[in-house]
Number of protein chains: 2
Amino acid sequence: MKKVDILKKLRSSGLRPTKQRVEIAKFLFERDKTFHFTVESLENHLTKKSTCKFALATIYNTVHAFKKAGHLSEVDVRGKKTYFDTNITNHHHFYDSETSELIDIDESEVVIQKIPKAPNGKKIKNVEVFINLKN
Amino acid sequence: MKKVDILKKLRSSGLRPTKQRVEIAKFLFERDKTFHFTVESLENHLTKKSTCKFALATIYNTVHAFKKAGHLSEVDVRGKKTYFDTNITNHHHFYDSETSELIDIDESEVVIQKIPKAPNGKKIKNVEVFINLKN
DNA sequence: TTCTAGTTTATAATAATTCTAAAGTAAAAA
DNA sequence: TTTTTACTTTAGAATTATTATAAACTAGAA
Ligand SMILES: [Mn+2]
Ligand SMILES: [Mn+2]
Ligand SMILES: [Zn+2]
Ligand SMILES: [Zn+2]
């Protein structure tokens with residue numbers, strides 16, 4: 001990925017490429033592998049590795065804007081903090097509750113043979129598998 | 001279930017059967033089907049249907065004590081509130097994010113054919129399946 | 001360059017949960 | 001039965017993650 005893609009990604013999401021958004025987008029999307037993060041971990045990185053300042057509200061705003069634009073997804077894990085995911089494909093997770101570590105599992109690595117049908121007038125949106133780990 | 005069981009359940013968990021704990025335990029466990037609740041929904045019920053008073057901290061304390069004793073489990077769902085479950089068996093869930101409704105799926109209703117092996121020195125504790133619903 | 005809508009920022013507000021320490025109570029000890 | 005003890009409840013304060021506010025700032029259109 002190049003800076004041009006970042007700008008395109010922002011523009012196509014209706015987001016002006018401000019200094020802060022470009023910095024955040026570069027950190028989140030200019031890499032080979034997807035990853036999981038919290039607003040706190042993102043802030044830690046930004047304040048350490050970036051010259052410009054980031055109000056916490058800006059980080060929240062930007063992350064939510066990316067999520068709304070479909071560039072980020074959210075993962076439900078126990079605990080107070082919200083986890084975001086730069087992997088926006090349908091996939092599953094290993095979860096180590098002791099370290100709060102999330103590891104992606106590609107959709108193809110899980111095969112489900114039998115599943116109940118959705119209740120009443122409802123439909124299945126997607127199926128998520130969490131594999132909880134211990135040591 | 002009778003009141004005796006409630007008292008036994010409390011005692012065996014190292015919990016003195018106080019007025020508050022007995023009331024909460026009766027509401028949670030004296031029924032045929034398991035269910036899901038939040039501290040808020042539990043408080044609403046208690047203040048409506050019980051004569052004695054419940055400090056919010058007592059409800060939190062009691063619910064956590066029951067969880068620690070293994071009488072309750074916790075379910076991870078998106079959102080700020082913690083959901084508890086009187087079903088303490090391994091099982092799966094339908095989840096309707098629009099209504100925040102959780103519906104149990106018995107373990108036998110889901111059959112998984114293929115699953116990746118746990119990373120490095122870790123072991124699989126359990127596998128949870130979430131089926132997200134839409135209308 | 002000027003204008004405007006969108007953006008960042010510091011700070012306040014909110015919401016769920018946990019902490020505190022004083023007052024109350026179940027059950028053991030006397 | 002009374003006393004004693006440790007456990008419990010309670011109101012309110014504190015904490016934590018997140019969202020709201022409204023003033024100052026800025027990208028991009030005009
Ligand atoms: Mn959110
Ligand atoms: Mn908890
Ligand atoms: Zn992921
Ligand atoms: Zn359940």
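Below, chain A is the first sequence line, B the second, and so on; all start at residue 1.
Checked by atom type, the side-chain pair A/Asp106/A/His92 shows no donor-acceptor distance below 3.5 Å. No side-chain N or O of B/Asn87 forms a donor-acceptor pair with one of B/His36 less than 3.5 Å apart.
Note on ring orientation: taking the six-membered ring where Trp is involved, the planes of A/His71 and A/Phe66 are perpendicular (angle over 60°, cut-offs 30° and 60°). Between B/His45 and B/Phe27, the ring planes lie parallel to each other; the angle is under 30°, not in the 30° to 60° tilted range.
At C/dT17, none of the side-chain N or O atoms of B/His64 fall inside 4.0 Å of OP1 or OP2 (strictly under the cut-off). In this structure, A/Arg21 reaches the C/dT8 phosphate: one of its side-chain N or O atoms is under 4.0 Å from OP1 or OP2. Between B/Thr82 and C/dT17 there is a side-chain N or O to OP1 or OP2 distance below 4.0 Å. The shortest distance between the side-chain N/O atoms of B/Tyr60 and the OP1/OP2 oxygens of C/dT18 is not below 4.0 Å. In this structure, B/Lys80 does not reach the C/dA15 phosphate: none of its side-chain N or O atoms is under 4.0 Å from OP1 or OP2.
With C/dA27, C/dT17, D/dT10 as the choices, the nucleotide that has an atom nearest any side-chain atom of B/Arg11 turns out to be C/dA27.
Taking the ring axis of A/Phe29 as reference, the NZ or CZ atom of A/Arg31 does not stay both within 45° of it and closer than 6.0 Å to the ring centre.
Interface residues of residues 13-20 of chain A facing DNA chain D, ordered by number: A/Arg16, A/Pro17; criterion, heavy-atom separation under 4.0 Å. Looking at residues 36-47 of chain B, you'll see that no heavy atom sits under 4.0 Å from any atom of DNA chain D.
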Requested in this report: List the steps and the verdict of side chain to side chain contact (heavy atoms under 4.5 Å, CB included) for A/Leu72 and A/Phe37.
Outcome: CA-CA 10 Å; A/Leu72 290 176; A/Phe37 66 95; 3.8 Å; yes
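B/Phe94 and B/Val77 end up in different hydrophobic clusters when Ile, Leu, Val, Met, Phe, Trp and Tyr side chains are linked at under 4.5 Å.
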Below 3.5 Å is the cut-off: list the nitrogen or oxygen pairs between protein and nucleotides 11-13 of chain C, distance only.
none

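Between the side chain of B/His91 and the backbone N or O of B/Thr89, at least one donor-acceptor pair lies under 3.5 Å.
In this structure, B/Glu40 pairs ionically with B/Lys81, as a charged nitrogen and a carboxylate oxygen lie closer than 4.0 Å.
Spacing between atom NZ of B/Lys68 and atom P of D/dC7 amounts to 12 Å, rounded to whole angstrom units.
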